[in-house]
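A short worksheet on the structure shown next.
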Amino acid sequence: MEKRDENISAMCKPSIGEAGRTGDWRTLRPVIDQTRCIPSVKKKSACFLCWLYCPEGVVKAAIPVEIDLDYCKGCGICAEECPAKAIQMVREDQSDE
Amino acid sequence: MSKVRIMTGNSAAAAAVMLCDVQVVAAYPITPQSQLAEMMSQYIESGELKAEYVRVEGEHTALTVCISASTVGARVFTATSANGLLYMHEQLHWAAGARLPIVMCCVNRGVGAPWTIFNDQQDSLSQRDTGWIQLYCRNNQEIHDTLLQAYRIAESVYVPVMVCYDGFVLSHTMMPVELAEQEAVREYLPPYKPHTILTPDDPRCLNPVLFPNRRADSEGVLRDGYMEMRYKLEAALEDALEAITEASDAFAKRFGRDHGGLVWDYRTEDAELYLVAMGSLASEATLAADALRARGIRAGVTGIRAFRPFPKEAVRKSLSKAKAAVVFEKSISYGNEGALCTEIKGALFGTEIRPAIYNYIAGLGGRDVKSRELEAAAAECWTDLEAGRREKKTTWLNCITG
Amino acid sequence: MYEIIWHGRGGQGVVIAAQMLAEAAYMGGFKGVTSAPTFGPERRGAPVTASTRIAEEPIRTFSQLEKADITVVLDDTLFQVADIWGRSKPGGMVIINTAKPPDQFPHPEGIRTALVDGASIALKNHLIREGAPVVNTPMLGAFAKATGLVSLENLEKALGDKLSPEAVRRNFATVTEAYQETTVVTG
């Protein structure tokens, strides 16, 4: 076939923001207490269960752990799964403290 | 020198698949396909065919393995029959929707309940709307050659092809088959070029959920919606009409054997009464046409090779001078008539070609069909036509119908 | 077209004999040959049939044989369970593997018979498989003698497609001996 259609089957490539800017869906925001977070406390790559469980892939497995609030939908799974209870979900209209 | 062997339809199929340099085979045995699956596993085990045979726990997985392997760029093969094909049903749609050029043999057998292991074509006919190309073979030579053509067709339009042949009647009957030469097949069938290769270097999510409407992706490119993807599959099936003809013509040129592309004709030059059928039944019908001619009725045969895509134009051309067409088929679209009969009527509707069309259901569950029975049925239709009876209820040939 | 029905019991090799006959006939110049088992489940010891068609032109019919021009009976006990005479065409030939004399096979008028003690020939040549004499290949020799449709030379080639050289030698010895010992009953 001479003319070539690059999209004869449906597909998408992994990219940030494929589903749009989802951070504005959020009503609760995850806030990390670095004094409790295991990688921060131990100063080594460990735990990262928040990274593992995040359904949106917005958690960066770094020291300290970072969450991309542009796309975090505020589902709270990271807070639920954190074994150190280092993540609190706080209302968007309240301050971090 | 070409090699002629006396072989079963299953052996003729296996020999062709080997010549096509297939890389992955996954199949689950079911009578009458079992020998074919066994032969493929033997070829691979012995090293004659450098491919991977993936053992699976059922037909649904067999086709899923083929879908996966085809997605990462392998030429694949599977085969099944009857309830095995029905078990694949969901993945049949998937293979076509994913536009994977998979080739499978459907060794036609009736479906249960009640159980039968014997031949009819209800299995593949009931998978008509899955988006697969369906080709029907009338002898073992045609099975061998059609498989070689099938990969060329599938890989040119990116649509899977089901090569259908009658269980036992062809699968277990030996007859002379001229095997194609390996080098000639490699010239005829270039290596498979996948449209999309799934690889870790270029990760993609294939066949994600599509929404009703078109939608921009993260790069701002407007992507097709579900309906556009469906249209592309339909357009590919329409393009397949040309691809099937091309593959058949190129094959005839390269190998010197021509089974007809979409439709074939037998003694139709001056025919008025046409017998229409698919598969081995159409071969049997050629003998009936000879016998009808011997008694003074100008009869011919229209053999349908491609059922999907349905070759409307070719059918119109073949039947352009028909006064009556008698459609014989080994399946039934319950509550209506034989599916082929409906298609023939549909192809002619609205044209100036208006033969009386009669329909016979024959040979279900292995009931033997003899050419003299086809002859008698067609002769009766001719009498009906002459008496002005242009419409008749579908007749069940050689069957107690109460 | 010649239509041939093979009567035997599951395990006696009727299917392979039907096939080798088709191959030998093809090598002998018949463009149309088919061979088929009776379709369905296979069971050792059960009465089974297979069929061969031989024609000058390519064969377009794949329907099951009703009546035979030539019938080959591998086991004479089958006369008690199968309608062998009834499935023979008028003017047909029935070739029987038996140690019995011809008068034990009263046949309808117009049907000829040919007799050979294939089992004894197989035993004499030590052609035994799974405790039973191999009778399918001797009957190919009997077929060649009684009908003249295939040559011994092409039967040997057909054996060579399926068997090792040693097995070909032993089977062909029985084919040849059966060919010599087959008597066509006249009248």
Side-chain angles (χ1 to χ4, degrees), chain A residues 1-30 32 39 45-63 65-78 80-81 87 89 92, chain B residues 67 70-71 94-101 131 152-160 190 193-211 214-237 239-240 242-243 246:
Chain A
M1 299 251 106
E2 282 306 308
K3 63 179 181 340
R4 188 170 160 81
D5 182 347
E6 295 294 335
N7 293 293
I8 68 168
S9 72
M11 70 184 93
C12 54
K13 294 180 186 182
S15 60
I16 294 168
E18 171 66 24
R21 207 176 166 87
T22 48
D24 63 6
W25 300 8
R26 200 171 56 234
T27 50
L28 295 175
R29 180 173 72 237
I32 304 173
S45 294
C47 184
F48 293 140
L49 287 179
C50 50
W51 165 79
L52 186 67
Y53 279 105
C54 175
E56 294 300 316
V58 298
V59 178
K60 190 173 175 190
I63 304 172
V65 168
E66 294 166 20
I67 295 175
D68 185 346
L69 292 175
D70 286 345
Y71 298 103
C72 168
K73 298 194 290 193
C75 68
I77 289 173
C78 54
E80 179 70 22
E81 295 296 337
I87 304 175
M89 299 304 290
E92 278 293 337
Chain B
I67 287 168
S70 184
T71 304
W94 197 272
R99 302 294 299 280
L100 298 169
R152 180 164 165 137
I153 297 162
E155 291 169 13
S156 71
V157 291
Y158 295 104
V159 174
K193 288 199 198 83
H195 56 77
T196 311
I197 302 180
L198 189 62
T199 146
D201 303 333
D202 184 15
R204 289 155 195 255
C205 175
L206 297 180
N207 299 298
V209 175
L210 291 192
F211 290 88
R214 300 176 79 206
R215 184 173 163 276
D217 67 11
S218 60
E219 291 161 355
V221 179
L222 199 58
R223 296 292 184 183
D224 291 321
Y226 182 84
M227 199 160 164
E228 279 78 21
M229 297 312 303
R230 287 291 83 134
Y231 173 73
K232 284 181 179 179
L233 176 58
E234 166 57 16
L237 264 292
D239 288 345
E242 194 187 318
E246 186 279 333

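Quantities reported herein were computed from a predicted structural model and do not represent experimental measurements. Residue numbers start from 1 in every chain, and the chains themselves are labelled A, B, ... in the order their sequence lines are given, proteins ahead of strands.
For the pair B:R223/A:N7, a side-chain contact is recorded, criterion being any heavy-atom separation below 4.5 Å from C-beta on. Here the side chains of B:H195 and A:S9 are in contact, with some heavy-atom distance below 4.5 Å.
Within a 6.0 Å sphere centred on CD of B:E242, heavy atoms belonging to other residues, nucleotides or ligands number 12 at most. Dense packing is recorded around CG of A:L69, with more than 12 heavy atoms of other residues, nucleotides or ligands lying under 6.0 Å away. Counting heavy atoms of neighbouring residues, nucleotides and ligands inside a 6.0 Å radius, atom CD of A:E80 does not exceed 12 of them. Counting heavy atoms of neighbouring residues, nucleotides and ligands inside a 6.0 Å radius, atom OH of B:Y226 does not exceed 12 of them.
Both the backbone and the side chain of B:D217 come within contact range of chain A, with heavy atoms under 4.5 Å apart. Both the backbone and the side chain of B:L206 come within contact range of chain A, each with at least one heavy atom under 4.5 Å from a heavy atom of that chain.
In this structure, B:T196 OG1 and A:M11 CE are separated by 3.5 Å, a value rounded to the nearest 0.5 Å. Going from atom CD1 of A:I8 over to atom CG of B:L100 covers 8.5 Å, rounded to the nearest 0.5 Å.
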